[in-house]
Protein chains: 2
Amino acid sequence: MAGHQRISTANDQRENGRQQVFEAIRQAGRIARIDIARETQVSPATVTAITSELLSAGLIEEITPEGDRTGAKRGRPRVALKVRGAAHLIAGIKISDRSATVILVDFEGQTVGEYDHELPGPVMSPEEMVSLVMRALGGACNAAGRDISEVSGVGLGIAGLIDATRNFVHWSPSLDQRNVELGRMLSDAMPVPFYMDNDANLVAKAEQLFGEARNVSDFIVITIEQGVGMGIVIDGRIYRGERGCGAEFGHTKVQLDGALCRCGQRGCLEAYVGDYALLREANIRGSAQPEDDLSALYARAKAGDAMARSIFDRAGRMFAMGLANVINIFDPSLVILSGEQMTFDFLYGSDVLERVKSSVVQVDAPLPEIRVHKWGDLMWAKGAAACAMEGVSELTIRNLGADAA
Amino acid sequence: MAGHQRISTANDQRENGRQQVFEAIRQAGRIARIDIARETQVSPATVTAITSELLSAGLIEEITPEGDRTGAKRGRPRVALKVRGAAHLIAGIKISDRSATVILVDFEGQTVGEYDHELPGPVMSPEEMVSLVMRALGGACNAAGRDISEVSGVGLGIAGLIDATRNFVHWSPSLDQRNVELGRMLSDAMPVPFYMDNDANLVAKAEQLFGEARNVSDFIVITIEQGVGMGIVIDGRIYRGERGCGAEFGHTKVQLDGALCRCGQRGCLEAYVGDYALLREANIRGSAQPEDDLSALYARAKAGDAMARSIFDRAGRMFAMGLANVINIFDPSLVILSGEQMTFDFLYGSDVLERVKSSVVQVDAPLPEIRVHKWGDLMWAKGAAACAMEGVSELTIRNLGADAA
DNA sequence: ATTATTTTTTTCAAAGATCAAATTAAATGA
DNA sequence: TCATTTAATTTGATCTTTGAAAAAAATAAT
């Protein structure tokens, strides 16, 4: 298996063509046929053939030209194509410890509705999770004035060790059991294609479809939420590893026999930069008043409190070390750091990034670009929707071939 | 670029077919057409067409059936195909600090000749390197009774930061300059296709073509020579990163502000497990007689010397930590550890491997297989030959298409 | 107002590729 | 010697892509 393309029957070939043309249109936003041909290296004749298929399937649409044609060159004007938003309605759901956030987007990625469903508690049984997801989904549809039957794909994001290829949960902080076939359970409860993945991969997918990595085929996303996550994109696809639980950045070891992690092992990065780790430090270090609020601790550090500052300092140094290791291993062209406000201040600050750069193997070539991307609250849900969107696109286009035959 | 196959013109498609069929034949060693069809999912008709092309190009050959057909089923007997060794002669060259090892192999991978060329010194100028390689190549051909003009591809392996896609040397311990266009220089000096890569990728390629990873599409190779190297194979292809210098396992940090590495940074894995690091430790730790022979130090450790033992012990713990990090990130199905005799005893021992396993994120799924593969001296050179072989195969098959047109 | 020019898109016929089905080849069993 | 079985090849049909030609739709020029 030395990495050659699979041989393709005529039908497969046309399907590939459709996928590729559709992807080009989505990526560009709006693009004329001639530019699709240029970009995909496919002849204009084929582009015409494929786009007419996609048009009659309702997946894309022509943009009616605006009156404003000042400064136009002569010649037949190009007509731009775009994804037809109305083609599909997609839902993305993100489970955090406090609530289930739902976002509804159309096939163009435009937000159609948002919805927030509070959780009774942070941990629940698989069955409760299923009913919760269904209720949240129903609530979101209601709020947006849509019927649940209009939704053609659902994506779910939860924290933990998720095997997305098998829709299997090895472990999640939101579930009271390990090894749950959550995907099967939810697929059964749902009348539409269902996809799930862990936090970091969601963000990676969102960055790839809508965000900073729109034209990048190899990049890495680091996320800090409760834990520390990583999404790896290689050759345009999310890398998941054999058992689907690779990219465990938060549990790479940064200190031999180091601090105890909630995973039970010692020296994990998460045990130095996670919320609970910082608070633990603060309390151990004999502060007079026991601390249980991270933002208060952070405020004290900013105010100059030496003890508090040293806690964040060490976290930053450990994080820099871990990130440098990832860069040394992958030599990516782009690293995207993503997380909440405070994270940005103490983990994504310029001093930490400087430290990362000085810990990367030095060559006379530009260092990988490290971009910091602050998202709104809906980032995670939008990522979940992005996953579902990709799945629905592929399915639809595949079926399109089957229909024709 | 969401990872779809490139659309393929008719000619491309046939080329893919040829590549795939040829690869199947090489992988199997000897295989009948009907089995190729089964394995590659291509119809027998197409297999017949493609194999007849490859046959008439002289790249493969039919195996004349042996007399022994006892226990044969009835029906027309299958005739096996194999790669035709005589089709090409390939050279692999490995530069170490003491010598240039050359191996000549035929297109089947069978060794045709070996040759060792001693170096005047471990470090040289790019020009000296070129002339050295050419002399070593000439010497090998001479010794094997072949003419240098018969060689149809040359692969070179050297240590350091190599950008194999651009045949560029960022840095190598064998060269007295950084940033050398060694590939261009050698291509100019050589009348045949030339390929180069760093140590670890050579081994990965050798494992993939001839070794333990023959049917595995995702695996990781760790090598210990002077430094510590890693080769990453994802989806059948070597992953190289953006600047071609990823997989720098030896310079991932295992200790914050730790031991000084020869790369100038602190806390690199190499600074704990490399030869020089171990000797440095031995001398610092106030042993009576200064130590400069690693095997002597190792002997003392085995004999029970507590100081010596603690040195190797720490190296083992650090190595385990680094390896566990790699596994946590990649979740590969297979890890191959490769190196010299002593390495096996103190880094690849069962206690270290146990430690690795206990530092990997725990899920209820089988751990990645860690296989230890001890190679002979010629491993590196054979890997270089494997790289060249892959290149020559692809080129030949591509040109085959151009000839027909 | 009409014609020429330019650029995009579509149509059409040619060139290949894959495959299912039929045919041929080459063995064993009866 | 003939039936049976399995492998390999041939053949005709179907489907794709593409280059070239034609059509379409605008602006520029006369």
Side-chain angles (χ1 to χ4, degrees), chain A residues 5-21 30-56 60 62-81 400-402 404-405, chain B residues 5-21 30-56 60 62-81 400-402 404-405:
Chain A
Q5 278 189 11
R6 180 86 76 57
I7 218 168
S8 49
T9 174
N11 239 358
D12 291 351
Q13 202 174 340
R14 178 42 77 91
E15 186 193 315
N16 284 335
R18 275 191 292 254
Q19 299 277 11
Q20 211 192 332
V21 167
R30 35 185 64 201
I31 184 172
R33 290 177 178 78
I34 185 102
D35 290 322
I36 298 176
R38 222 187 307 278
E39 209 154 288
T40 59
Q41 312 259 43
V42 171
S43 75
T46 304
V47 172
T48 291
I50 290 178
T51 51
S52 91
E53 279 184 7
L54 295 176
L55 275 167
S56 67
I60 61 174
E62 295 190 336
I63 293 173
T64 48
E66 310 147 27
D68 177 28
R69 269 186 61 85
T70 52
K73 297 161 201 165
R74 61 173 157 177
R76 176 174 178 171
R78 42 183 65 183
V79 321
L81 301 168
L400 211 165
Chain B
Q5 278 189 13
R6 185 85 75 56
I7 216 166
S8 50
T9 175
N11 237 0
D12 291 351
Q13 202 175 341
R14 179 41 76 93
E15 187 192 314
N16 285 335
R18 275 192 291 255
Q19 299 278 10
Q20 212 194 331
V21 168
R30 35 185 64 203
I31 186 173
R33 289 176 179 81
I34 184 101
D35 290 323
I36 298 176
R38 220 185 308 277
E39 209 153 289
T40 59
Q41 311 258 41
V42 170
S43 73
T46 304
V47 172
T48 292
I50 289 177
T51 51
S52 90
E53 279 183 9
L54 295 175
L55 274 168
S56 68
I60 61 173
E62 294 189 336
I63 293 174
T64 48
E66 308 147 25
D68 177 28
R69 269 187 58 85
T70 51
K73 298 161 202 164
R74 63 173 157 175
R76 178 175 176 171
R78 40 184 66 181
V79 322
L81 301 168
L400 211 165

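Here is how names work: the chains are called A, B, and so on, in the same order as the sequence lines, proteins then strands, and each is numbered from 1.
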Practice item. Considering just the side-chain nitrogens and oxygens of B/R33, establish if one lies under 4.0 Å of OP1 or OP2 belonging to D/dT9. Key: yes
**Study point:** All side-chain hydrogen bond (donor to acceptor under 3.5 Å, both in side chains) counterparts of A/E39, not counting sequence neighbours
**Key:** none
Check your understanding: When you measure from the side chain of B/T46 to the backbone N and O of B/V42, does any donor-acceptor pair fall under 3.5 Å?
Key -> no
Study note, to complete from the structure: To the nearest angstrom, the CZ-P distance between A/R38 and C/dT9 comes to 10 Å
Point to revise | Options D/dT10, C/dT9, D/dA3, nucleotide nearest the side-chain atoms of B/R74 | key: D/dA3
Exercise for review: Could you tell me the separation between the CZ atom of B/R14 and the P atom of C/dA15, rounded to a whole number of Å?
Suggested key: 17 Å
Enumerate the protein-to-nucleotides 20-24 of chain D contacts in which both atoms are nitrogen or oxygen and the separation is below 3.5 Å.
unit_1, atom_1, unit_2, atom_2, d
D/dA24, O4', A/R76, NH1, 3.4

**Study point:** Sugar-phosphate only, base, or nothing, as touched by B/V47 at under 4.0 Å among non-hydrogen atoms
**Key:** nothing
Check your understanding: Roughly how many Å is it from CG in B/D35 to P in D/dA7, rounded to a whole number?
Key -> 8 Å
Point to revise | Atom-pair distance (CD on B/Q20; C1' on C/dA17), nearest Å | key: 14 Å
Practice item. Please lay out, stage by stage, how B/L81 and B/R33 fare under the test side-chain contact (heavy atoms from CB on, under 4.5 Å). Key: CA-CA 7 Å; B/L81 301 168; B/R33 289 176 179 81; 3.8 Å; yes
Check your understanding: Which whole-number value in Å describes the distance from B/E62 CD to C/dA26 C1'?
Key -> 13 Å
**Study point:** D/dT18 phosphate, OP1 or OP2, under 4.0 Å from A/T46 side-chain N/O
**Key:** yes
Point to revise | 4.5 Å side-chain heavy-atom contact, A/I60 and A/T51 | key: yes
Review point. Atom CG of B/L400 and atom OG of B/S56: how far apart are they, to the nearest 0.5 Å?
Key: 7.0 Å
Exercise for review: Nearest whole angstrom, please: distance from the C1' of C/dT18 to the CD1 of B/I36.
Suggested key: 16 Å
Exercise for review: Side chain of A/Q13 only, please: which of D/dT10, C/dT11, D/dT17 is the nearest?
Suggested key: D/dT17
Check your understanding: How many angstroms lie between atom CD1 of B/I63 and atom CZ of B/R78, to the nearest 0.5 angstrom?
Key -> 13.0 Å
Review point. What's the CD1-P distance between B/I63 and D/dA7, to the nearest Å?
Key: 16 Å
Exercise for review: Find the distance between CZ (A/R14) and CD1 (A/I50) and round it off to the nearest 0.5 Å.
Suggested key: 4.5 Å
Practice item. Provide, to the nearest angstrom, the distance between the CD1 atom belonging to B/I34 and the P atom belonging to C/dA26. Key: 16 Å
